[in-house]
Amino acid sequence: MPDAAMPAFRLKARLWKGLRTLLLPALLAGALTAALFVVVNGAPLWDVPSPRQVASVTVAHAGEAPQTYTDPEQIELAVKLLNTLNYLPFTPPSESSVGVGPDVTITYTLRDGRELSAGANWITGWWNGEARHLKQPDRFVNLTQGLFPPSYP
């Protein structure tokens, strides 16, 4: 029977079968890839601003005076540091580490006036005040101290 003479319900059924054949494996592969990414790298932060949205960045090391940066290159580096705050979902942070607080805190002042903050110590990371157990614990602190060194007297 030619396709032009095929009843509409058979054409719809055939279309749905073709979509299922194509979409189901693609969705399963995407879900498996996302799950493997989280297992290997940790879950990334959500709502991270782009460097164009950030007006200034303030870096505060524990016990030091905060330093503010407005240079676009420094802002871009500070925003890219957020990619190192991958955390382990469904894993509570250590209470002793949360009690100590962050060793490094970066405050992002956006052009619309909002402020976002990220911080970390050697085990725990904070994103807008919420503590998370980091996948690679000391990476954020080490990179921040290297890129934005504390000012020693």
Side-chain angles (χ1 to χ4, degrees), residues 13 15-153:
L15 179 64
W16 279 113
K17 183 179 178 187
L19 284 175
R20 276 194 320 259
T21 304
L22 176 69
L23 290 180
L24 188 61
L27 289 174
L28 288 175
L32 181 62
T33 302
L36 287 174
F37 178 86
V38 169
V39 167
V40 172
N41 299 315
L45 296 176
W46 293 93
D47 298 330
V48 172
S50 75
R52 285 173 276 159
Q53 294 174 311
V54 180
S56 68
V57 172
T58 303
V59 179
H61 298 276
E64 299 288 328
Q67 300 171 349
T68 301
Y69 301 93
T70 57
D71 180 45
E73 290 178 9
Q74 299 287 20
I75 290 173
E76 185 175 356
L77 285 173
V79 171
K80 286 181 178 180
L81 278 173
L82 293 174
N83 294 330
T84 65
L85 278 177
N86 290 356
Y87 62 97
L88 296 171
F90 314 115
T91 305
S94 165
E95 288 184 28
S96 61
S97 175
V98 172
V100 171
D103 290 334
V104 175
T105 303
I106 301 178
T107 304
Y108 302 87
T109 304
L110 303 182
R111 295 193 188 281
D112 63 5
R114 292 183 300 143
E115 286 188 348
L116 304 173
S117 66
N121 58 27
W122 298 102
I123 298 170
T124 304
W126 285 264
W127 176 240
N128 291 327
E130 185 179 333
R132 300 161 190 247
H133 187 269
L134 294 177
K135 175 71 176 181
Q136 296 177 333
D138 55 353
R139 180 184 276 184
F140 182 81
V141 174
N142 286 337
L143 288 173
T144 303
Q145 288 178 343
L147 294 170
F148 304 99
S151 58
Y152 296 108

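Side chain of Lys135 to backbone of Thr84: no donor-acceptor contact under 3.5 angstrom is found. Of the possible polar contacts, one joining the His61 side chain to the Phe148 backbone as a donor-acceptor pair under 3.5 Å is found.
The nearest pair of heavy atoms linking Ala43 to Val38 is N-CG1, 4.1 Å. Heavy atoms only, all atoms of each residue included: Ala131 and Trp126 are closest at CB-NE1, 3.5 Å. Nearest heavy-atom pair across Ala78 and Val57 is CB-CG1, 3.7 Å. Shown here for Pro149 and Gly146, the closest heavy-atom pair between the two residues is CD-O, 4.0 Å.
The list of salt bridge (charged side-chain N to carboxylate O under 4.0 Å, His left out) pairs with a residue in residues 140-149, not counting sequence neighbours, is empty. Among residue pairs with one or both ends in residues 32-50, none qualify as salt bridge (charged side-chain N to carboxylate O under 4.0 Å, His left out); sequence neighbours excluded.
How far OG1 of Thr109 is from CD1 of Ile75: 9.0 Å, rounded to the nearest 0.5 Å. Once rounded to the nearest 0.5 Å, the distance linking CD of Glu95 with OG1 of Thr124 reads 10.5 Å. Taken from CG in Leu110 to OG in Ser56, the straight-line distance is 9.0 Å, to the nearest 0.5 Å. Separation of atoms CD (Glu130) and OG (Ser117) is listed at 11.0 Å; rounding is to 0.5 Å. Between atom CZ of residue Phe37 and atom CG of residue Asn86 there is a gap of 6.0 Å, rounded to the nearest 0.5 Å. The CG atom of Asn128 sits 15.0 Å away from the CH2 atom of Trp46 when rounded to the nearest 0.5 Å.
With sequence neighbours excluded, no residue satisfies side-chain hydrogen bond (donor to acceptor under 3.5 Å, both in side chains) with Tyr108. Residues forming a salt bridge (Lys or Arg N to Asp or Glu O under 4.0 Å) with Asp112 (at least two apart in sequence, or on another chain): Arg114. Partners of Thr91 under the side-chain contact (heavy atoms from CB on, under 4.5 Å) rule, at least two apart in sequence or in another chain, are Leu88, His133. By the salt bridge (Lys or Arg N to Asp or Glu O under 4.0 Å) test, Glu73 is found to be paired with no residue, residues two or more places apart in sequence or in another chain being considered. Partners of Asp103 under the side-chain hydrogen bond (donor to acceptor under 3.5 Å, both in side chains) rule, at least two apart in sequence or in another chain, are Trp122. Taking the salt bridge (Lys or Arg N to Asp or Glu O under 4.0 Å) definition, one finds that Glu76 meets it with Lys80, sequence neighbours left out. Under the side-chain contact (heavy atoms from CB on, under 4.5 Å) criterion, Thr58 pairs with Pro66, Thr68, Thr107, sequence neighbours left out. For the side-chain contact (heavy atoms from CB on, under 4.5 Å) test, no residue two or more places apart in sequence or in another chain qualifies with Thr33. The salt bridge (Lys or Arg N to Asp or Glu O under 4.0 Å) check on Arg20 picks up nothing, with sequence neighbours excluded. The side-chain contact (heavy atoms from CB on, under 4.5 Å) search around Leu45 returns Val48, Leu82, Leu85, Tyr87, Trp127, Arg132, not counting sequence neighbours.
Here the options are Leu143, Val141, Asn142, the test is side-chain contact (heavy atoms from CB on, under 4.5 Å), and the partner is Arg139; only Leu143 passes.
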One pair to check against side-chain contact (heavy atoms from CB on, under 4.5 Å): Ile106 and Phe140. What are the steps and the verdict? CA-CA 11 Å; Ile106 301 178; Phe140 182 81; 3.7 Å; yes
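Crowding of Arg111 atom CZ: a count of heavy atoms from other residues, nucleotides or ligands under 6.0 Å exceeding 12.
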